[in-house]
Amino acid sequence: MTSIEKYEWVLLSNKDRVKPLAILRTEMPIFGEINGIVAGDLFDDRKALAEAGIHPPLVAGISGTQGEGADSIVLSGGYEDDVDLGDVIIYTGAGGQKNGRQVSDQKLERVNLALAKSKIEHLPVRVTRGHKHKHPLSPAKGYRYAGLYYVDDYWCDKGKSGYKVWRYRLIAEKTDSLDYLVKEPSGEYELPKRKQTTGNRIVRDYQKAKNVKAWYQFQCQVCGLAIETSAGLYAEAAHIKPLGKPHNGPDIESNILCLCPNHHVMFDNGGFAIDDNLNLIGINGKLNELKKHRISAEFIQYHRDHYLKNTE
DNA sequence: ACTATAGCGATT
DNA sequence: AATCGCTATAGT
């Protein structure tokens, strides 16, 4: 018996029972590449695109939530302020339309906020071009997945209609992101041999950072500041023992701090360190630590030993 | 070409 | 429960 069937059975047997939201709630957005799909892949329609896991919504152009960020967009030609330069796209937010015409201002809310969140969290956004989006990279029919982009900036403008629109500059993750289009002597665009997808390292890492930031509600563990932006609260995940060679620190919560940008820069560059009692060395104060965090003594010692100046 | 609307999954 | 939407299709 599937969970859905179980749920229906419960409803039949007990009409007063509250809906089990955990079953009905849609899953979190999935960020980054989808297994088995590569840039250049074609899909007949939005249903096929959704079933592949590239872009779940059947109608909406932006997939995601304001809390988690936007994982995918579709360019479908429906917004007159879109600009598509291939590796750089100026995408228009959703809303303010009636019968395909812009008739009111767009607001920075819902999926528009999701794209803003993707910017401040540096999350990758899948991009797909549809046949109604008139562009050399669009397919003649159906939809073509274009690969991962990052939201480089977002702002509001008065659009061609005179109404306010939110705009997002997206930049392709790979400079060779257009390699899937190879001009053949016939004049037709053809697909090259399939490349293996690179996996999802960036997004896996993000999950740990996200956990730590959420525990502290984006408040800096040094000064308590949680920075407010139009996309929501902002904080940075600082690795205590650095990830890169030759340090090879692990990407786990016990090696991550939630810091404001200033204290992140100071920490990474020896402006302060942390002793075994979590007192700060170099500046006044004590590091705020939640019980469940369990910051590793080994890693803060490593940071002391390798980044603090003039130690004996 | 433009316009209306049913449709349905996802979000709030 | 109500709202939304870069569909899809039919009608003018």
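As the structure is a computational prediction, the values presented were derived from the model and not from experiment. Note on naming: letters A, B, ... go to the chains in the order of the sequence lines (proteins, then strands), and numbering restarts at 1 for each one.
- Ring centers of A:His263 and A:Phe267: at least 6.0 Å apart, outside the cut-off.
- Nucleotide B:dG7 has no partner under the Watson-Crick or G-U criteria, as no pair reaches both atom distances under 3.5 Å.
- Listed pair A:Arg101 / B:dT3 meets the phosphate criterion, a side-chain N or O lying under 4.0 Å from OP1 or OP2.
- Separation of the A:His55 and A:Tyr145 ring centroids does not fall under the 6.0 Å cut-off.
- Residue A:Tyr143 has no polar side-chain atom (N or O) positioned under 4.0 Å from OP1 or OP2 of C:dC6.
- Between A:Leu49 atom CG and C:dT7 atom C1' there is a gap of 12 Å when expressed in whole angstrom units.
- Summarising the geometry of A:Ala146 relative to A:Arg129, their closest heavy-atom pair is CB-NH1, 3.4 Å, with the distance given to 0.1 Å.
- As a whole-Å value, the separation of A:Asn112 CG from C:dC4 C1' is 12 Å.
- Side-chain proximity of A:Thr65 to the nucleotides B:dG9, C:dA8, B:dT11 is greatest for B:dT11.
- A:Ile252 and A:Ile295 fall within a single hydrophobic cluster, where Ile, Leu, Val, Met, Phe, Trp and Tyr are joined by side-chain heavy atoms under 4.5 Å apart, directly or via other members.
- Across all strands, A:Gly77 comes closer than 4.0 Å to base atoms (heavy-atom distances).
- Under a cutoff of 6.0 Å and an axis angle of 45°, A:Lys213 and A:Phe218 do not form a cation-pi pair.
- Outside the 6.0 Å centre-distance limit, the rings of A:Phe299 and A:His303 are not counted as a close aromatic pair.
- At whole-Å resolution of the value, CG in A:Asp45 and C1' in B:dG7 are 15 Å apart.
- If you measure from atom NZ of A:Lys47 to atom P of B:dC8, you get 11 Å, rounded to the nearest angstrom.
- If you take CD1 of A:Ile62 and P of C:dT7, they are 13 Å apart, rounded to a whole angstrom.
- Among the protein residues, A:Tyr91 comes within range of the nucleic acid bases, having at least one heavy atom under 4.0 Å from a base atom.
- The residue A:Asp82 sits close to a base: some heavy atom pair falls under 4.0 Å.
- Here A:Thr92 lies in heavy-atom contact (under 4.0 Å) with a base.
- Within the structure, a side-chain polar atom (N or O) of A:Ser76 is placed less than 4.0 Å from OP1 or OP2 of C:dT7.
- Residue contacts for A:Lys132: at a heavy-atom cut-off of 4.0 Å it reaches the sugar-phosphate backbone alone, with no base atom in range.
- Taking atom NZ of A:Lys107 as the reference point, atom P of C:dG5 lies 11 Å away to the nearest angstrom.
- Here A:Leu58 lies in heavy-atom contact (under 4.0 Å) with sugar-phosphate atoms only.
- Straight-line distance from the NE2 atom of A:His55 to the C1' atom of C:dT7: 11 Å, rounded to whole Å.
- Distances shown here put every side-chain N or O of A:Lys98 at or beyond 4.0 Å from the OP1 or OP2 atom of C:dG5.
- You'll find that the side chain of A:Arg110 is closest to C:dC4, out of C:dC4, C:dT7, C:dG5.
- As rounded to whole Å, 17 Å separates atom P of C:dC6 from atom CZ of A:Arg126.
- Residue whose closest nucleotide on DNA chain B sits further toward the 5' end, between A:Val59 and A:Pro29: A:Val59.
- One finds a side-chain N or O of A:Gln66 lying less than 4.0 angstrom from the OP1 or OP2 phosphate oxygen of B:dT12.
- A:Gly100 comes within 4.0 angstrom of nothing in the nucleic acid, heavy atoms only.
- In the set C:dC6, C:dT7, B:dA4, B:dA4 carries the atom at the smallest distance from any side-chain atom of A:Asn99.
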